[in-house]
Amino acid sequence: MYAALRSIGSYVPKNILTNHDLEKMVDTTDEWIVKRTGIKERRIADTDEVTSDLGYKAALQAIERSGIKTSDIDMVVCATLSPDYLTMPSTAAMISQKLGIKNVMAFDISAACTGFVYLMSLAKAFIESGTKKNILIIGAEKISSIIDYEDRSTCILFGDGAGAAVICATEDKNEAIVDVLASADGNFGELLITPGCGSVNPIREDNLDQRLQYMKMAGNEVFKVAVKTLTKDVVDILKKNSIEAHDIDMFIPHQANYRIIEAVRSKLDFPLEKCAMTVAKYGNTSSASIPMAMNDLYEEGKIKHGDLMLLDAFGGGFTWGSALVRFAGKNITN
Ligand code: UT7
């Protein structure tokens, strides 16, 4: 049995936070943000719109496009760093409840911005082992809920959104997810971290006063490791599978910063038109960034049945990974 990516879907909240809005909130400028990151605007969920709502809407679209009945889904996994609840219930359980999916395994994974690549690996393994047949994977983030809007080094970067995919069992090797490589190194943990509200810095007034509940990032140090790691990821997976860069129909890297994407793209000689670039309109949506970018390309008719996609992600942990994935869904019809 092989695992096939049958569909993609996404959900983008309607509220737009522009660089000019941020100029009124922290000491920054539109010019600085565009020059250093490529980001022009990002989406922010409504106060009463939570991570599982975003994930649910993306999942609904992915299920509709998959041709699979909701009742045939036998596992739901969500990657998120901004879950509905800190410990339980899981965001995947909340999404399942909203979809009316009952009596199947539902759980979250914590792999920050690499979450969607980890989910690919997980879905592939569960299907190839014959354990599951139709798996719903979701990257959903209401990152605005863990961002300090007084910290200009992080608040300009992130946005909310969700992406989802349905991965199904197939006997056709030509439809299969080809390979996934993924890793982590906790030695870099402190460079990108939400220090508060866990067992290290529990929910206590003194910790909250120090704003430890919000994400912190040593941006410049993260940047350097990200470029090196994302480049190596691509070289490794292409070499392992004897595939050349020109065999890739669409390169979909994590959308954190256009300078990182450009550095990796140009080093590996992917033409501009074969590289996803959505960071300007969504900012960094962590685990949702790759499926949101994939969905946009799909809706633009740039990803078609049989196309070979290369995913490449890097994030807190540090975590990183790459995936060679065929699009095994139906072509978009407008
Ligand atoms: O998704 C997970 C992985 N995350 C990433 O990959 C993000 C990686 N990092 C980055 O994208 C970039 O490092 C940033 C966009 C976060 C920062 O860009 P940078 O070119 O690395 O800038 P920097 O941190 O070295 O800061 C340069 C200057 C500093 O001022 P001085 O010390 O030169 O006077 C900062 O204080 O820019 C200042 N600065 C800002 N100025 C205006 C930092 N943030 C801002 C800001 N507006 N928002």
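Here, residue 1 is the first one in the sequence, and each next residue gets the next number. For ligands, and for the atoms within them, numbers begin at 1 and follow the listed sequence.
- Between Leu81 and Ser287, the closest side-chain pair of non-hydrogen atoms is not below 4.5 Å.
- Using a cut-off of 4.0 Å between Lys/Arg side-chain N and Asp/Glu carboxylate O, Lys57 and Glu49 are scored as salt-bridged.
- In this pair, Phe126 and Phe107 present their aromatic rings tilted. The plane angle is within the 30 to 60° band.
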| Could you go step by step and tell me if Phe327 and Tyr298 meet the ring-ring contact (aromatic ring centres under 6.0 Å, His included) rule? | CA-CA 10 Å; Phe327 186 68; Tyr298 173 69; 5.2 Å; yes
Donor-acceptor list for residues 249-261 side chains, cut-off 3.5 Å, not counting sequence neighbours:
unit_1	atom_1	unit_2	atom_2	d
Asp249	OD2	Leu308	N	2.7
His254	ND1	Ser289	OG	2.7
His254	NE2	Asn284	OD1	3.3
Gln255	OE1	Thr278	N	2.7
Gln255	OE1	Val279	N	3.1
Gln255	NE2	Pro253	O	2.9
Gln255	NE2	Ala276	O	3.1
Asn257	OD1	Arg259	N	2.8
Asn257	ND2	Arg36	O	2.9
Arg259	NH1	Arg36	O	2.7

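- In terms of hydrophobic clustering, with Ile, Leu, Val, Met, Phe, Trp and Tyr side chains grouped at heavy-atom distances under 4.5 Å, Phe314 and Ile237 are assigned to a common cluster.
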Give a table of atom pairs where an N or O of ligand 1 lies under 3.5 Å from a protein N or O.
unit_1	atom_1	unit_2	atom_2	d
ligand 1	1 (O)	His254	NE2	2.9
ligand 1	1 (O)	Asn284	ND2	2.7
ligand 1	9 (N)	Gly219	O	3.0
ligand 1	11 (O)	Asn257	ND2	2.7
ligand 1	13 (O)	Gly219	O	3.1
ligand 1	13 (O)	Asn220	N	3.4
ligand 1	20 (O)	Arg36	NH1	2.9
ligand 1	20 (O)	Arg259	NH1	3.3
ligand 1	20 (O)	Arg259	NH2	3.4
ligand 1	21 (O)	Asn220	ND2	2.7
ligand 1	22 (O)	Arg36	NH1	3.4
ligand 1	25 (O)	Asn220	ND2	3.2
ligand 1	36 (O)	Arg152	NH2	2.9
ligand 1	37 (O)	Trp32	NE1	3.4
ligand 1	41 (N)	Trp32	NE1	3.4
ligand 1	41 (N)	Arg152	NH1	3.4
ligand 1	47 (N)	Thr28	OG1	2.7
ligand 1	48 (N)	Thr28	OG1	3.2
ligand 1	48 (N)	Arg152	O	3.0

